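One-based numbering, in listed order, for ligands and for the atoms of each. Numbering starts at 1 and runs along the sequence shown. It should be emphasised that the depicted structure is a prediction, and the values quoted were computed from it without experimental measurement. Atoms considered below: every heavy atom in the structure, side chains included; atoms not considered: hydrogens, waters and symmetry mates.
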Amino acid sequence: MSESSLPSVQSFAIGNIQLAKVLDSLEPTSPRFLYVDKRKDDFDPHLEWLQPHFVDPEKRMLLSIHTFLIQTKHHTILIDTCIGNEKQNLAFAQWNGRQGFYLRDLAAASCAPESVDYVFCTHMHLDHTGWSTRLQDGRWTPTFPNAKYLFNKREWEHWQNEPNPEDQAVVQQNIVPIIEAGQVEWVDNAWGIDDEVTLIPTPGHTPGHCRVLLRSNGQEAVITGDMMVHPVQIAEPQWQQQADVDKALAIETRTQFIDQHCDSDTLILGTHFNTATGVHIVSKGEQKRIKQ
Ligand SMILES: [Zn+2]
């Protein structure tokens, strides 16, 4: 299946909130890319519930990169803006100069860029901030002209002075143009976008990383961000992620989150989880896994 023909929009309802997953990319990925010391065979004890949706027949992880489009009574909100098009000098060279179909698919989910009120990126990595900007007349400009972009202060403090050129490519292409356009609203700690959507600090993957809590009409869901990248981490929260800035804190945050939400009604919306994307965590004997 070519990238352009993938089913790219998936819808959910949490109480009165309408939510759509809008895909930017879905790629099979080697465990080596994500975890410090894990190989394909380390997935064997969990293949029974990870295949076919989260691990392919060659035991590669299926990692989705998508936006969550949230429609509350009051606001249109985007959580995470994926890879973007035409970026250069990225840490993953295969994404340089990319031409994806994200804006077309956002339109298919009935979202015009002008209609977005808030944009929030769970953290400032390249696969979460890309579509915050687009190239227009040779300049990086905000893709969502009427939106307030919510920037976590701690996250920006960390990334603004990172000397690595690949980090600076993200800062200069995806972040600085928003600041220069005067569209940033600076946030810190737990922060409510409105009465149904709250940002909650979950540090470890990055210093200012936040998950997003959705509560409406007695129902609850959480957007994970990269606190947990692949569903295998529900069973193996202690696996170290290459990209975690503080690996010990990331493990602590992830373990706590999984324990807190195990056998609950909370819908877990994985920022990189392939379809079904929204899952419930359950215990089975000593193990934790996804409810099927
Ligand atoms: Zn990510």
Side-chain angles (χ1 to χ4, degrees), residues 3 8 21-36 38 54-55 60-69 78-85 87 90-96 98 100 102 119-133 149-152 154-156 158-159 162 164 166-167 169-171 173-175 199-212 222-234 236-237 239-247 249-251 253-254 257-258 268-275 277-279:
E3 193 175 3
S8 50
K21 173 186 112 177
V22 180
L23 193 71
D24 194 24
S25 164
L26 175 62
E27 294 177 21
T29 308
S30 159
R32 212 177 284 229
F33 163 85
L34 196 60
Y35 300 111
V36 171
K38 299 301 166 197
F54 306 115
V55 173
R60 295 172 302 180
M61 301 177 301
L62 292 167
L63 288 185
S64 170
I65 299 178
H66 49 254
T67 285
F68 286 110
L69 163 63
L78 297 183
I79 305 296
D80 287 324
T81 59
C82 309
I83 304 166
N85 275 4
K87 306 290 171 172
L90 298 176
F92 305 120
Q94 73 270 26
W95 289 340
N96 288 337
R98 191 169 174 271
Y102 176 84
V119 175
F120 178 68
C121 303
T122 55
H123 60 295
M124 291 182 174
H125 276 155
L126 73 168
D127 56 324
H128 296 259
T129 54
W131 274 108
S132 292
T133 60
Y149 287 68
L150 306 174
F151 279 10
N152 180 286
R154 226 162 287 188
E155 188 70 1
W156 174 239
H158 174 77
W159 291 110
E162 277 296 297
N164 180 332
E166 290 160 343
D167 290 332
V170 174
V171 165
Q173 294 173 104
N174 300 356
I175 311 292
L199 314 178
I200 300 185
T202 39
H205 183 63
T206 60
H209 184 284
C210 288
R211 69 178 186 260
V212 182
V222 177
I223 296 172
T224 60
D226 282 9
M227 167 179 61
M228 173 160 63
V229 171
H230 189 272
V232 73
Q233 289 170 289
I234 291 169
E236 307 279 6
W239 284 13
Q240 292 188 15
Q241 286 183 175
Q242 304 270 20
D244 287 345
V245 171
D246 183 335
K247 291 181 174 51
L249 181 59
I251 289 169
T253 298
R254 187 157 54 242
F257 177 83
I258 291 164
I268 309 301
L269 293 157
T271 292
H272 289 302
F273 289 9
N274 190 24
T275 306
T277 306
V279 303

Novice: Does the side chain of Asp127 come under 3.5 Å of the side chain of His272 through a donor N or O and an acceptor N or O?
Specialist: yes
Novice: May I have the angle between Asp226 OD2 and His128 NE2 with its vertex at the Zn ion (ligand 1), rounded to 10°?
Specialist: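 Once rounded, the angle between the two atoms at the Zn ion (ligand 1) is 90°.
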Novice: Tell me whether the centres of the aromatic rings in Phe92 and Phe33 are closer together than 6.0 Å.
Specialist: yes
Novice: Can you tell me if, anywhere in His272, an N/O/S atom lies at a distance from the Zn ion (ligand 1) that is smaller than 2.8 Å?
Specialist: yes
Novice: For the backbone of Ser132 and the side chain of Thr81, can you confirm whether one donor and one acceptor N or O come within less than 3.5 Å of each other?
Specialist: yes
Novice: Between Arg254 and Asp226 (salt bridge meaning N to carboxylate O under 4.0 Å), is one present in this structure?
Specialist: no
Novice: Looking only at N, O or S atoms, find the one in Asp127 nearest to the Zn ion (ligand 1) and name it.
Specialist: OD2
